[in-house]
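Side-chain atoms are counted along with the backbone in the values below, which use heavy atoms only and exclude waters and symmetry mates. Residue numbers begin at 1 in each chain, while the letters A, B, ... track the order of the sequences.
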Number of protein chains: 2
Amino acid sequence: MRRYDDGMAFVPPPASVTVDLVALTVHQGGLAALLVRRGEAPYRGRHALPGGFVRQREDLDQAAGRELAEETGLAVDGVYVEQLASYGHPRRDPRGRVVTVAYLALVPGAPAVRGGGDAARADWVDLDTDAAIPSGLAFDHARILSDGVGRARAKLEYTPLATVLCLPEFTVAELRLVYESMWGVALDPRNFHRKVTRAEGFLEATGRTTGRNGGRPAQLYRRGTARLLMPPMLRPDPS
Amino acid sequence: MRRYDDGMAFVPPPASVTVDLVALTVHQGGLAALLVRRGEAPYRGRHALPGGFVRQREDLDQAAGRELAEETGLAVDGVYVEQLASYGHPRRDPRGRVVTVAYLALVPGAPAVRGGGDAARADWVDLDTDAAIPSGLAFDHARILSDGVGRARAKLEYTPLATVLCLPEFTVAELRLVYESMWGVALDPRNFHRKVTRAEGFLEATGRTTGRNGGRPAQLYRRGTARLLMPPMLRPDPS
DNA sequence: CCAAAAGTGTTTCAATTACACCCATGA
DNA sequence: TCATGGGTGTAATTGAAACACTTTTGG
């Protein structure tokens with residue numbers, strides 16, 4: 001931090017800035033999060049969110065994309081990334097004052113991941129039972145993960161975000177599975193079908209069908225052009 | 001940043017962290033934001049959001065509350081504050097690498113404010129016409145202000161947040177004015193009344209009335225106990 | 001033909017809209 | 001008693017939930 005005005009230059013307290021990622025996917029009918037094993041101190045050997053220090057000439061969003069690629073080997077395109085929140089408790093990191101900017105990443109299809117950088121290894125970890133977030137996460141990462149899952153669940157209600165958890169072409173049943181996995185509820189297939197196919201700009205028909213499974217082949221769809229904020233979305237009873 | 005493990009200690013890039021506040025209120029039937037005149041370089045004399053450096057032993061939320069009090073003289077209790085987003089473009093601040101964590105504050109009643117700290121003066125500035133955000137704001141504060149207004153508008157749709165823009169006791173008409181000011185639309189007074197008084201936990205009757213104006217005295221209400229996430233909220237046609 | 005999954009039609013019910021109407025006060 | 005804003009009743013419309021039923025495939 002260089003001086004700016006006069007001899008009385010105020011020196012701001014030094015800090016470091018990291019990014020951490022809550023990367024979620026739908027995996028065998030359940031929600032899963034991407035966790036790494038830390039290869040370095042502190043918290044060496046513990047589960048943690050992928051992430052790391054922001055570089056000198058890097059924007060926060062860039063840093064998030066870079067860390068995702070470095071520590072997990074995922075290609076950034078095809079992954080939806082948005083900023084989640086920042087965490088800055090003075091003693092959240094034993095190395096000193098570290099403020100982290102957390103990102104939420106939604107990854108279609110649970111692709112294979114590999115470790116890299118600070119991460120000894122990276123894996124998709126199931127979050128089946130509601131509060132079954134792996135205990136013993138490094139730093140305040142349990143809290144961040146929990147916030148990320150909450151944000152993702154909430155946003156499915158009023159945005160067309162569920163489509164980013166599907167591969168580029170998908171069936172209505174696959175899309176329904178995303179909602180059911182994220183919320184842990186069963187949705188009526190008939191009503192769900194009508195709702196998503198009627199919603200303007202939500203889905204775009206490809207004309208093709210798929211026929212792998214036992215029954216009638218399903219239509220294949222692409223993500224529609226509608227971007228965020230699409231209020232009349234679906235949601236089970238608030239019970 | 002002290003060393004942690006061995007002689008190879010990685011030195012993270014130094015940075016500073018600030019908090020900035022988008023403080024909004026409803027003022028004479030319109031939305032207004034709190035802006036300061038900067039008393040120090042850089043951008044001395046320009047409009048800016050209130051804010052400043054986070055101290056060494058301070059959590060981010062604490063820093064936001066402290067800056068709000070210091071630069072504007074507002075008491076923090078009675079003001080709703082939530083984290084908005086973080087901004088970290090490498091050259092967003094000419095003094096060096098400064099990442100800012102922005103907060104959204106909703107202030108009832110447009111109370112008088114005064115400058116203090118880095119702020120030469122502080123004032124409520126009307127945001128009448130949609131994009132009439134004062135040009136020439138310091139740093140990237142125009143963008144941050146715009147994001148804050150967007151967040152506040154969106155959240156009225158699906159949370160009972162509008163009540164925090166009213167004084168502790170308020171009438172249904174005053175609450176309606178908040179929605180109308182924030183969205184720039186007219187709402188049907190009759191239907192609005194039913195909706196908010198029926199909604200479970202939204203309002204709490206005090207039993208008292210007010211009779212200052214020309215017509216029938218209105219019931220006075222307090223904020224109900226319902227906290228965030230209350231989906232069936234009100235919203236004009238998506239036109 | 002049967003099982004299985006996709007997709008449609010129809011009834012029922014609840015929420016929202018539009019608007020006529022009544023209530024309580026000050027001048 | 002009139003103007004003014006507060007508050008209620010009610011019919012028409014819309015959207016969601018429940019579920020019977022038809023369609024299209026593989027064995």
Side-chain angles (χ1 to χ4, degrees), chain A residues 29 156-158 160 162 166 169-180 183 185-222 226 230-239, chain B residues 28-29 156-158 160 162 166 169-181 183 185-222 226 230-239:
Chain A
L156 292 201
E157 275 180 55
Y158 57 94
C166 295
E169 296 199 350
F170 54 89
T171 67
V172 173
E174 287 164 355
L175 180 63
R176 179 163 46 84
L177 183 64
V178 169
Y179 284 94
E180 292 179 330
W183 290 339
V185 298
L187 298 173
D188 185 304
R190 291 78 59 102
N191 292 332
F192 182 88
H193 185 278
R194 238 195 318 266
K195 208 157 179 176
V196 296
T197 53
R198 295 259 204 281
E200 196 67 26
F202 190 22
L203 299 185
E204 189 178 320
T206 65
R208 277 180 305 177
T209 59
T210 190
R212 286 187 286 281
N213 27 16
R216 168 177 175 177
Q219 299 288 120
L220 280 169
Y221 295 88
R222 268 189 295 273
M230 183 185 189
M233 215 60 259
L234 45 167
R235 172 69 176 166
D237 279 346
S239 62
Chain B
Q28 298 169 350
L156 293 199
E157 275 181 55
Y158 56 95
C166 294
E169 297 199 349
F170 53 91
T171 67
V172 172
E174 286 164 356
L175 180 62
R176 178 163 47 83
L177 183 64
V178 169
Y179 284 94
E180 292 179 331
S181 304
W183 290 339
V185 298
L187 299 173
D188 185 306
R190 290 80 58 103
N191 293 332
F192 182 88
H193 185 278
R194 239 194 317 266
K195 207 157 179 176
V196 297
T197 52
R198 295 261 204 283
E200 196 67 24
F202 190 23
L203 300 184
E204 187 178 322
T206 64
R208 278 181 305 177
T209 61
T210 190
R212 288 187 284 282
N213 28 14
R216 169 177 173 176
Q219 298 289 120
L220 280 170
Y221 294 88
R222 268 189 295 273
M230 182 186 189
M233 215 61 259
L234 46 167
R235 173 68 176 166
D237 279 346
S239 61

Contacts of type side-chain contact (heavy atoms from CB on, under 4.5 Å), residue R216(B), not counting sequence neighbours: none
Nearest-Å distance for atom pair CG/C1', residues L177(A) and dA5(C): 14 Å
Can you give one letter per nucleotide of nucleotides 22-27 of chain C, going 5' to 3': B for a protein heavy atom under 4.0 Å from the base, S for sugar-phosphate only, - for none? -BBB--
Beyond-backbone contact of L203(B) with F170(B), side-chain heavy atoms, under 4.5 angstrom: yes
Short side-chain N/O contact to dG6(D) OP1/OP2 from H193(B), under 4.0 Å: no
Rounded interatomic separation in angstrom, taking CZ from R176(B) and C1' from dG7(D): 11 Å
When rounded to whole Å, the CG to P distance for the pair D188(B) and dC21(C) reads 16 Å
Output all residues satisfying side-chain contact (heavy atoms from CB on, under 4.5 Å) with T206(A), sequence neighbours left out; order by chain, then residue number. E169(A), R208(A), L220(A), R222(A)
What is the distance, to the nearest angstrom, from the CZ atom on R190(A) to the P atom on dG15(D)? 21 Å
What pairs with R190(B) under side-chain contact (heavy atoms from CB on, under 4.5 Å), at least two apart in sequence or on another chain? D188(B)
With a 4.0 Å limit, can you tell me whether K195(A) has a side-chain N or O closer than that to the phosphate oxygens OP1/OP2 of dA17(D)? yes
Write down the distance between CG (L175(A)) and C1' (dG7(C)), rounded to a whole number of angstrom. 15 Å
Considering heavy-atom distances to DNA chain D, does R198(B) or A173(B) have its closest nucleotide positioned more toward the 5' end? A173(B)
Need to verify one output field. Residue with the more 5' nearest nucleotide on DNA chain C, Y221(A) or N191(B)? Y221(A)
Taking E180(B) for its side chain and L187(B) for its backbone only, find out whether a donor-acceptor pair lies under 3.5 Å. yes
Roughly, in whole Å, what's the span from CD in Q219(A) to P in dT23(D)? 16 Å
F192(B) CZ to dA18(C) P, in whole Å, measures 16 Å
Separation of dG9(C) P from R194(A) CZ (nearest whole Å): 9 Å
Can you sort out the partners of A173(A) under side-chain contact (heavy atoms from CB on, under 4.5 Å), two or more places apart, ordered by chain and number? T171(A), R176(A)
Do T197(B) and H193(B) make a side-chain contact, defined as non-hydrogen atoms from C-beta onward lying under 4.5 Å apart? yes
